[in-house]
Amino acid sequence: MQWIYQDIEFTDEMIEEYIGFTYCITNVKTNRKYVGKKGFTRRKTFQKNNKKKRKLVMSDWKNYYGSSEELKADIKEFGKDNFRREIIRLCKSKSEMNYYELHEQMVRHVMLKPLEYYNSYVGTRINRNQLNRLLTIDQEPAKVPD
């Protein structure tokens, strides 16, 4: 089963300037869901001349089915063909991915609906300065009383 984005199959050519995405995986038998994020690349550490070097390599995003152990158990039981993998939003930064993953989880109340969602953990640290690209021009900083 491939990743679906805006009702079409997502391909390598569609990655463009994006570094990752937020997603929802749905068990089509039970309609239970998992909301998460995944990067298109990952950092790989290797040794060269007795020094640690890092480089970006493609991640396992094409075959990824989430990090939830409960979800993985259901995939094993029901089979991958009974799960829909949908990209909710493409993201241009890691902070953006963190923000929109948490946003989707909060809006959907995933922690309060354990029969509807596999998610058993949410949380992240986000620095507003890293999200400057998302702020609109008409937004002014909040005024703090003296």
Side-chain angles (χ1 to χ4, degrees), residues 1-46 52-145:
M1 175 56 78
Q2 298 296 318
W3 286 103
I4 303 299
Y5 179 61
Q6 298 179 339
D7 294 323
I8 60 171
E9 187 176 310
F10 190 83
T11 63
D12 288 333
E13 293 78 32
M14 298 165 80
I15 293 175
E16 298 174 358
E17 74 272 19
Y18 300 105
I19 63 109
F21 56 93
T22 58
Y23 65 85
C24 182
I25 297 176
T26 304
N27 180 331
V28 297
K29 295 269 190 192
T30 66
N31 206 35
R32 198 167 177 205
K33 299 172 174 66
Y34 181 79
V35 175
K37 67 177 182 226
K38 184 65 178 168
F40 291 120
T41 59
R42 66 177 180 85
R43 292 192 189 278
K44 183 176 181 179
T45 304
F46 63 98
K52 285 187 180 181
K53 299 282 184 179
R54 289 187 192 174
K55 68 178 181 176
L56 284 179
V57 297
M58 285 302 285
S59 72
D60 61 345
W61 71 270
K62 291 181 185 179
N63 302 313
Y64 189 71
Y65 278 85
S67 60
S68 164
E69 293 303 320
E70 200 174 355
L71 171 61
K72 290 177 186 178
D74 276 4
I75 290 169
K76 200 172 199 175
E77 179 182 340
F78 294 107
K80 290 180 180 179
D81 291 342
N82 287 304
F83 289 82
R84 177 178 167 86
R85 298 187 305 163
E86 183 178 6
I87 294 173
I88 299 169
R89 177 185 291 270
L90 294 169
C91 301
K92 293 183 178 180
S93 72
K94 194 171 181 178
S95 294
E96 191 177 332
M97 270 192 324
N98 291 338
Y99 177 85
Y100 284 114
E101 176 194 34
L102 185 60
H103 172 78
E104 279 295 324
Q105 291 169 337
M106 293 295 110
V107 168
R108 295 169 183 245
H109 302 288
V110 300
M111 297 303 291
L112 303 177
K113 299 177 180 178
L115 299 178
E116 291 181 42
Y117 290 92
Y118 291 100
N119 296 74
S120 58
Y121 172 84
V122 297
T124 190
R125 287 182 61 115
I126 304 167
N127 182 321
R128 181 179 293 137
N129 292 334
Q130 296 168 330
L131 297 174
N132 280 337
R133 185 182 82 68
L134 301 178
L135 297 175
T136 60
I137 294 170
D138 61 339
Q139 290 178 326
E140 293 183 25
K143 294 185 180 176
V144 179

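Atoms considered below: every heavy atom in the structure, side chains included; atoms not considered: hydrogens, waters and symmetry mates. In what follows, residues are counted from 1 in the order of the sequence shown. For clarity, every value in this text was computed on a predicted model and none was experimentally measured.
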Of Phe10, Tyr100, Trp61, which is the lone residue that meets side-chain contact (heavy atoms from CB on, under 4.5 Å) with Phe21? Trp61
[X] vs [Y] side-chain heavy atoms within contact, under 4.5 Å:
| X | Y | answer |
| --- | --- | --- |
| Leu71 | Ile25 | yes |
| Asn98 | Lys37 | yes |
| Ile75 | Glu77 | no |
| Glu101 | Thr124 | no |
| Thr26 | Glu86 | no |
| Lys44 | Arg42 | yes |
| Val35 | Arg108 | yes |
| Ser59 | Thr41 | no |

Is it the case that atom NZ in Lys29 sees more than 12 heavy atoms from other parts of the structure closer than 6.0 Å? no
Is the number of heavy atoms from other residues, nucleotides or ligands within 6.0 Å of OH (Tyr99) greater than 12? no
Which value, rounded to the nearest 0.5 Å, describes the distance between [X] atom [atom1] and [Y] atom [atom2]?
| X | Y | atom1 | atom2 | result |
| --- | --- | --- | --- | --- |
| Leu90 | Lys92 | CG | NZ | 10.0 Å |
| Gln105 | Cys24 | CD | SG | 10.5 Å |
| Arg43 | Lys53 | CZ | NZ | 14.0 Å |
| Phe40 | Cys91 | CZ | SG | 9.0 Å |
| Lys113 | Lys33 | NZ | NZ | 9.5 Å |
| Ser68 | Tyr117 | OG | OH | 14.0 Å |

Could you pull out the closest heavy-atom pair between Phe83 and Val28, with the gap in Å? N-CG2, 4.4 Å
Looking at every non-hydrogen atom in both residues, tell me the closest pair between Met97 and Thr22 and how far apart they are. O-CG2, 3.7 Å
Salt-bridged, Glu70 to Arg32, with N to O below 4.0 Å? yes
Under the rule for side-chain contact (heavy atoms from CB on, under 4.5 Å), what residues qualify as partners of [X], not counting sequence neighbours?
| X | result |
| --- | --- |
| Ile4 | Arg84 |
| Asn63 | none |
| Val107 | His103 |

May I ask you to decide if Lys62's main-chain N or O and Arg85's side chain share a donor-acceptor pair within less than 3.5 Å? yes
Aromatic rings Tyr64 and Tyr23: how do their planes relate, parallel, tilted or perpendicular, breaks at 30° and 60°? perpendicular
Short side-chain donor-acceptor distance under 3.5 Å, Asp74 and Tyr118: yes
